[in-house]
Amino acid sequence: MKKYGLIAICRHGFAEKFKATPILMVIDLILGILHGLSFGVETMMQQRFFDKATQMMSGSATLGMAFGALAMLGLANVACQILNGVSNYMPNITNGKISGELSRKMNEKIGRLAPEIFENTQCLDDINKAEKGKSSVMNVADTMMSIMIFYVPYFGFMGWYLFTMKPILILALVLIFIPKALTQILRTKVFTKAEDESAPIRREYEYYENCIADREYFKETRLLGGFMFFKKLYTQVLDAMQKLRYKASVKANMTEFLMSLLTVAGYVGIIWLLFDSLMKGDISVGAFAAVFNSLGLMYNIMDEVICRHIGGVAETIGATQNYMRFMDMPERTGSASQTPEWGDIELSHVSFAYPGASECAVKDVSFTLKKGETLAVVGENGSGKSTLIRLLSGLYAPTAGQVLHNGVETTKLSASALFAGTSAVFQKYQRYQMSLAENISISRTEKKWDEAVLGDVSQMAGLDVEVRTFTNGYDTMLSREFDGVDLSGGQWQRVAIARGFFRDHNLIILDEPTAAIDPYEETRIYNRFAQMAKDKSALIVTHRLGSVKLADRILVMKDGQAVQLGTHEELIAEDGEYRRLYEAQEQWYE
Ligand SMILES: Nc1ncnc2c1ncn2[C@@H]1O[C@H](COP(=O)(O)OP(=O)(O)OP(=O)(O)O)[C@@H](O)[C@H]1O
Ligand SMILES: [Mg+2]
């Protein structure tokens with residue numbers, strides 16, 4: 001799996017931020033630098049004031065001079081406060097804007113993804129997690145930016161200030177920095193390890209949680225008694241996860257404690273060094289006071305940058321990976337916007353492997369679906385029928401070979417040009433939680449319709465809208481969650497078929513749309529379908545061989561290969577897969 005480095009993440013984050021809010025980003029940059037420097041200047045002003053005050057008491061400076069130094073200190077302090085406030089407020093203005101912009105881009109990206117991506121569970125996981133990573137990318141980029149424009153200038157300035165005062169004082173910075181950094185590194189290591197170890201446990205845990213609470217599983221787990229079984233498993237993994245977390249936090253807290261001891265020792269050392277220099281007359285009283293004061297501030301700022309910022313980045317870097325991977329996912333190619341004139345569809349040595357799968361689901365298939373022909377595709381479960389029709393329609397791009405719509409390769413066409421004349425009822429059709437009319441007309445939203453049009457397609461699909469279920473006719477809401485009704489499996493299937501018929505098309509694909517419908521009704525639907533599909537190309541996938549006779553030709557799939565192609569009479573005469581399948585079912589059709 002590809003990993004993205006900090007630089008790649010920041011580059012992406014900066015670019016997106018700059019595109020979303022260019023002016024604000026520049027203002028933010030300038031304010032950040034001024035903010036960092038203002039802390040340093042304040043320390044210098046402190047020294048100046050203390051020096052002037054002591055000089056005034058010994059008579060070598062006037063009251064006016066001391067007062068001037070005090071005024072400067074006050075000014076530096078006010079500037080520091082204002083810059084602090086403004087810098088803290090800036091994200092409130094920019095974040096909303098950037099987040100909205102990124103969401104828009106992510107949605108557009110999903111629309112452009114190659115559809116076969118959605119077949120890979122790993123990719124689906126990444127898509128789901130990418131949303132979370134979106135804000136993390138900005139967080140990482142913002143943090144790195146504030147380190148560069150605020151913390152680096154501040155510590156650079158303080159380093160220079162301490163060094164010019166007395167080179168050894170630069171040790172102060174090192175002694176604050178090292179224990180803090182070490183703590184953070186160890187902490188990150190401990191938690192990353194714990195996270196790696198608990199990730200599979202968490203997946204298990206979430207799965208059991210679904211088995212217990214999800215509506216999909218509910219009926220089975222209650223009736224078949226799986227509920228207690230899953231509950232037990234759930235509690236077990238929960239315990240394991242908590243133990244892991246506890247161990248990690250004990251380890252992290254111990255190192256933190258040891259490092260704090262080191263810091264305290266360093267602190268005492270530095271103060272001794274300062275005191276010694278003051279006694280020897282190497283530094284002034286003002287310098288002593290200013291450095292003494294700023295030690296606490298430096299410590300706090302170091303804590304802020306290392307623990308809060310760098311630690312935060314380390315915690316979210318995993319989430320950013322998902323987002324970056326998502327933005328890099330392959331997109332559907334093809335830009336030709338002209339739909340080719342309707343004609344033959346030719347498959348030439350087409351193979352296809354699902355993303356992440358080692359074997360091809362469709363292997364070296366060649367045939368032509370002639371213009372206006374009805375072709376039935378039959379074969380055992382898993383023989384590659386559904387995959388084949390996704391390739392034929394152009395939904396998936398073949399791994400090898402070509403699919404040509406009237407001579408034009410499907411991968412060269414834009415999605416809208418490719419699908420303009422195609423309709424389909426998929427094996428896994430959708431149940432939209434909307435009204436019946438919307439459920440049907442969603443296949444061509446721009447098409448004008450009235451009840452007569454809906455009535456025609458409903459009749460073809462064998463959907464009886466007169467029955468009790470549809471309390472409100474075509475306006476009946478098909479969702480119990482939205483105060484509507486729920487349909488039976490067969491009714492839903494007919495709605496999906498009506499939806500497929502509603503869309504104007506030259507090619508229609510029916511992938512076993514009738515599995516939940518009784519064979520008698522299925523034959524009637526297919527007969528009506530054959531009437532309608534007379535001048536259109538059609539592809540029917542079915543397991544009921546009684547229905548395939550109405551097709552012009554039959555294609556038989558086996559283990560991803562097209563093993564037979566011909567009319568029912570031709571195929572039944574051959575000693576092959578078709579006859580075997582047919583004979584197995586024959587008794588049902590007697
Ligand atoms: N998302 C996927 N990822 C990996 N392999 C897949 C995926 N979907 C299907 N396959 C594999 O591809 C092969 C063909 O599947 P396909 O769904 O095309 O078969 P089918 O003939 O339509 O089967 P059925 O009659 O059960 O609908 C099977 O071996 C299946 O395991
Ligand atoms: Mg299938």
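Along the sequence shown, the residues carry numbers beginning at 1. Below, each value reflects all heavy atoms present in this structure, side chains not excepted, and no hydrogens, waters or symmetry copies. When a ligand or atom number is given, it counts from 1 through the structure's own listing order.
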Does one side chain, of [X] or [Y], offer a donor that lies under 3.5 Å from an acceptor on the other?
{"X": "Glu380", "Y": "Ser383", "value": "no"}
{"X": "Tyr474", "Y": "Ser458", "value": "yes"}
{"X": "Tyr4", "Y": "His12", "value": "no"}
{"X": "Arg325", "Y": "Asn322", "value": "yes"}

Checklist entry - Is the closest heavy-atom distance from Gly379 to ligand 1 below 4.0 Å? => result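 No, that is not the case, since the closest heavy atom of the residue is not under 4.0 Å from the ligand.
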
Checklist entry - What do you reckon, does Arg390 put a non-hydrogen atom under 4.0 Å from ligand 1? => result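 Contact absent.
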
Give the residue and atom name of whichever protein heavy atom lies nearest to [atom], and the separation in Å to one decimal.
{"atom": "atom 27 (O) of ligand 1", "result": "Gln427 NE2, 2.7 Å"}
{"atom": "atom 1 (N) of ligand 1", "result": "Glu119 OE1, 2.7 Å"}
{"atom": "atom 12 (O) of ligand 1", "result": "Ala361 CB, 3.3 Å"}
{"atom": "atom 6 (C) of ligand 1", "result": "Tyr354 CD1, 3.3 Å"}
{"atom": "atom 17 (O) of ligand 1", "result": "Ser386 CB, 3.8 Å"}
{"atom": "atom 25 (O) of ligand 1", "result": "Lys385 NZ, 2.7 Å"}
{"atom": "atom 18 (O) of ligand 1", "result": "Thr387 OG1, 2.4 Å"}
{"atom": "atom 24 (P) of ligand 1", "result": "Asn381 ND2, 3.6 Å"}

Checklist outcome for this item: Only residue of Asp552, Leu565, Ile540 satisfying side chain to side chain contact (heavy atoms under 4.5 Å, CB included) with Leu375 is Leu565

Item to check | Atoms in ligand 1 with a heavy atom of His543 nearer than 4.0 Å | outcome: 25 (O)

Item to check | Atom indices of ligand 1, in the order listed, that fall short of 4.0 Å to a heavy atom of Ser383 | outcome: 19 (O), 21 (O)

Item to check | Close side-chain approach of Arg499 to Asn439, heavy-atom, < 4.5 Å | outcome: yes

Item to check | Note, Met106 side chain near Ile110 side chain (heavy atom, < 4.5 Å) | outcome: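 No, their side chains stay 4.5 Å or more apart.
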
Salt-bridge criterion met for [X] and [Y] (N-O under 4.0 Å):
{"X": "Glu577", "Y": "Arg580", "result": "yes"}
{"X": "Lys105", "Y": "Glu108", "result": "no"}
{"X": "Arg444", "Y": "Glu446", "result": "yes"}

Checklist entry - Got an N/O contact under 3.5 Å between Gly382 and ligand 1? => result yes

Checklist entry - Do any nitrogen or oxygen atoms of Gly384 lie less than 3.5 angstrom from nitrogen or oxygen atoms of ligand 1? => result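 Yes, since at least one N or O of Gly384 sits under 3.5 Å from an N or O of ligand 1.
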
Next on the checklist: Checking contacts here: is it the side chain or the backbone of Met557 that comes within 4.0 Å of ligand 1, counting heavy atoms only? Could be both or neither.
Outcome noted: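 Within the 4.0 Å criterion, Met557 makes no contact with ligand 1.
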
Next on the checklist: Parallel, tilted or perpendicular, judged at 30° and 60°: which one describes the rings of Tyr354 and Phe352?
Outcome noted: perpendicular

Checklist entry - Looking at the Mg ion (ligand 2), is one of the N, O or S atoms of Thr387 less than 2.8 Å from it? => result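 Given the 2.8 Å cut-off, Thr387 does not count as a ligand of the Mg ion (ligand 2).
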
Checklist entry - Any N/O/S atom, backbone or side chain, of Ser386 lying under 2.8 Å from the Mg ion (ligand 2)? => result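 An N, O or S atom of Ser386 is closer than 2.8 Å to the Mg ion (ligand 2), so yes.
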
